[in-house]
Amino acid sequence: MNFLNINRKTITFFLSVLLSIFCIGGTLGCLPAYAALDSWSNPGTGSRQAIVDFVEKVTTPGDNFVEAKNRIAVFDNDGTLWAERPHYFQEDFIKTRLDKLPEPVVSRLIQKTQKRIDKTGGHPISEEGKTFLSEIPVVSGLTTGEYNSLARSFLDTIHSSVTSDDEGGYQRFDTEYIKLTYKPVIELVNYLKANDFKVYICSGGGIYFVRSFSDEAYGIPTEEVIGSAIKTKYDESNTTDGLGGSLVRRSWLAHYDDQQGKPVGIELFIGKRPLIAVGNSSGDFEMFKYTDSGVGNSLIVLINHDDCVREYKYNDVPGSTHLEEGVEVADNESLDYAQTHENWIVASMKDDFNTIFDPIPSRAPQMCPKL
């Protein structure tokens with residue numbers, strides 16, 4: 001063949017066809033950021049561009065290039081990947097699907113855990129942590145398979161069908177729990193994966209609760225979920241989960257994965273410091289600080305709940321505080337810190353998210369508080 005007789009248009013056509021084939025094979029990998037992060041506003045507050053700039057910097061050969069094997073991103077779950085109001089979804093699961101436990105038993109377990117945390121100079125147990133601890137004695141004796149089935153079946157429940165007397169003024173949605181995931185954040189997960197990041201969930205909630213739906217809801221496999229864990233024992237004679245025996249849950253805490261426990265969990269399960277951390281609250285502050293290696297070397301993304309029309313509005317004002325056991329504490333320590341640190345970006349649900357839920361669930365109109 002005489003290649004010199006092939007004109008430029010023909011060569012261009014064949015190259016474009018080959019490029020299209022490679023892009024289809026790589027799914028989002030060949031999509032520009034504006035397509036991969038389509039649910040993010042542009043410019044909004046500039047959060048999307050800050051994310052894209054950082055990812056391009058660490059994936060492009062040069063001084064800031066990071067090998068794919070070291071591209072680690074960690075995401076909080078509640079309030080980051082899906083909703084967490086009026087109550088943590090695991091709390092609703094415990095109240096409606098598990099046997100009720102006498103309050104004194106739960107209180108003793110919380111007190112015992114707090115004493116262990118106090119020895120390391122840690123913070124008081126978070127509400128999410130208390131939710132997880134309240135489950136431990138109830139599920140003792142269940143195999144991991146039995147628990148996973150219970151948890152996953154609960155998530156098909158309609159959010160608005162589970163109510164209580166302490167909703168805090170938050171209006172529930174008329175859709176299943178598992179559909180209350182944030183589309184822009186899941187797009188971010190996929191965008192990072194397409195750029196050879198390994199994405200982990202690092203949750204203060206129960207590891208088995210999150211594992212029951214993480215792959216289905218977020219595309220994050222169970223082996224990439226870190227969370228608070230209950231001790232289990234191997235019982236070869238128990239064939240509930242298979243002929244090779246089962247793991248049976250005990251009544252003791254194995255790992256508390258909120259606040260200062262998150263960096264411990266990251267080291268335990270991953271063994272590498274993340275490049276990117278995504279969260280929304282004070283419970284993520286230690287995970288953020290552990291990830292923070294300075295401007296240009298790490299990126300912290302804080303999801304700010306400031307949209308009471310499409311979602312909820314809470315802990316979204318820098319510097320706001322509340323009393324906790326007589327002590328004044330920050331409503332959102334992470335948000336306060338982000339105000340003075342360049343590589344800590346605040347993603348506003350109101351301004352940065354074109355869409356929050358997809359499909360959009362119905363509910364009664366939510367009234368924004370007057371400022």
Side-chain angles (χ1 to χ4, degrees), residues 39 75-101 106 126-132 134-135 138 150-186 201 203-206 209-210 212-214 216-218 227 258 279-284 303-317 320 322 331-332 347-350 352-371:
S39 294
F75 283 67
D76 171 53
N77 182 54
D78 295 300
T80 299
L81 285 160
W82 70 356
E84 62 180 359
R85 297 296 169 113
H87 303 289
Y88 294 113
F89 292 0
Q90 187 171 2
E91 182 178 351
D92 286 347
F93 163 65
I94 293 168
K95 287 181 177 179
T96 61
R97 293 299 177 92
L98 300 180
D99 294 332
K100 290 187 177 181
L101 191 71
V106 176
S126 67
E127 290 304 313
E128 186 174 19
K130 291 177 181 178
T131 293
F132 168 73
S134 71
E135 178 189 280
V138 184
L150 276 174
R152 177 57 192 87
S153 64
F154 164 76
L155 295 176
D156 290 326
T157 305
I158 302 298
H159 187 235
S160 58
S161 70
V162 179
T163 59
S164 62
D165 296 330
D166 58 344
E167 302 286 82
Y170 297 106
Q171 185 71 36
R172 287 178 177 259
F173 292 94
D174 297 322
T175 193
E176 298 91 336
Y177 281 82
I178 199 167
K179 291 182 179 179
L180 290 173
T181 58
Y182 302 138
K183 185 179 181 182
V185 185
I186 295 175
I201 294 174
S203 174
F209 183 76
V210 180
S212 74
F213 62 86
S214 65
E216 178 183 354
Y218 313 135
D258 206 19
N280 77 111
S281 70
S282 292
D284 303 312
I303 308 300
N304 199 23
H305 296 266
D306 57 357
D307 192 332
C308 66
V309 174
R310 297 182 299 168
E311 205 248 359
Y312 301 116
K313 180 178 172 66
Y314 60 95
N315 296 346
D316 65 310
V317 179
S320 60
H322 66 277
D331 286 339
N332 194 335
S348 162
M349 281 192 158
K350 184 178 180 180
D352 288 316
F353 289 180
N354 288 327
T355 301
I356 294 179
F357 302 115
D358 185 24
I360 300 171
S362 64
R363 68 171 177 178
Q366 185 81 348
M367 299 300 293
C368 291
K370 292 182 180 180
L371 299 177

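Scope of the values below: all heavy atoms of this structure, side chains included, with no hydrogens, waters or symmetry mates. In this chain, numbering begins with 1 at the start of the sequence shown.
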Looking only at heavy atoms, which two atoms of [X] and [Y] are closest? And how far apart?
X      : Y      : value
Cys308 : Arg363 : O-NH2, 3.2 Å
Ala217 : Ile178 : CB-CG1, 4.2 Å
Cys368 : Val309 : SG-CG2, 3.6 Å
Pro184 : Thr355 : CG-O, 2.9 Å
Tyr314 : Glu84  : OH-OE2, 2.6 Å
Thr175 : Pro361 : CG2-CB, 3.6 Å

Is the distance between the ring centroids of [X] and [Y] less than 6.0 Å?
X      : Y      : answer
Tyr182 : Phe353 : no
Phe93  : Tyr177 : no
Tyr312 : His305 : no

If you define the side chain from C-beta out and look only at heavy atoms, does anything of [X] sit under 4.5 Å from [Y]?
X      : Y      : result
Thr96  : Thr157 : no
Pro86  : His159 : yes
Asp76  : Ile303 : no
Phe213 : Trp82  : yes

Backbone N or O of [Y] within a donor-acceptor pair of the [X] side chain at under 3.5 Å?
X      : Y      : answer
His87  : Asp92  : no
Arg85  : Gly79  : no
Arg152 : Ser212 : no
Gln90  : Gly206 : yes
Asn332 : Asp316 : no
Thr80  : Asn77  : no
Arg310 : Met349 : yes
Asp78  : Phe89  : no

- request: Evaluate the criterion side chain to side chain contact (heavy atoms under 4.5 Å, CB included) for residue pair Phe75 and Tyr218; output intermediate values, then yes/no.
  value: CA-CA 11 Å; Phe75 283 67; Tyr218 313 135; over 6 Å; no
message: Would you say CD1 of Ile360 has more than 12 non-hydrogen atoms from neighbouring residues, nucleotides or ligands within 6.0 angstrom?
response: no
Approximate separation, where rounding is to 0.5 Å, of [X] [atom1] and [Y] [atom2]:
X      : Y      : atom1 : atom2 : answer
Leu81  : Thr181 : CG    : OG1   : 8.5 Å
Glu135 : Ile94  : CD    : CD1   : 4.5 Å
Asp258 : Ser203 : CG    : OG    : 7.5 Å
Asp306 : Glu311 : CG    : CD    : 9.5 Å
Ser282 : Asp331 : OG    : CG    : 8.0 Å

- prompt: Would Leu150 and Leu98 count as a side chain to side chain contact (heavy atoms under 4.5 Å, CB included) if you check the C-alpha gap in whole Å, the side-chain angles of each, and the deciding distance to 0.1 Å?
  reply: CA-CA 9 Å; Leu150 276 174; Leu98 300 180; 4.2 Å; yes
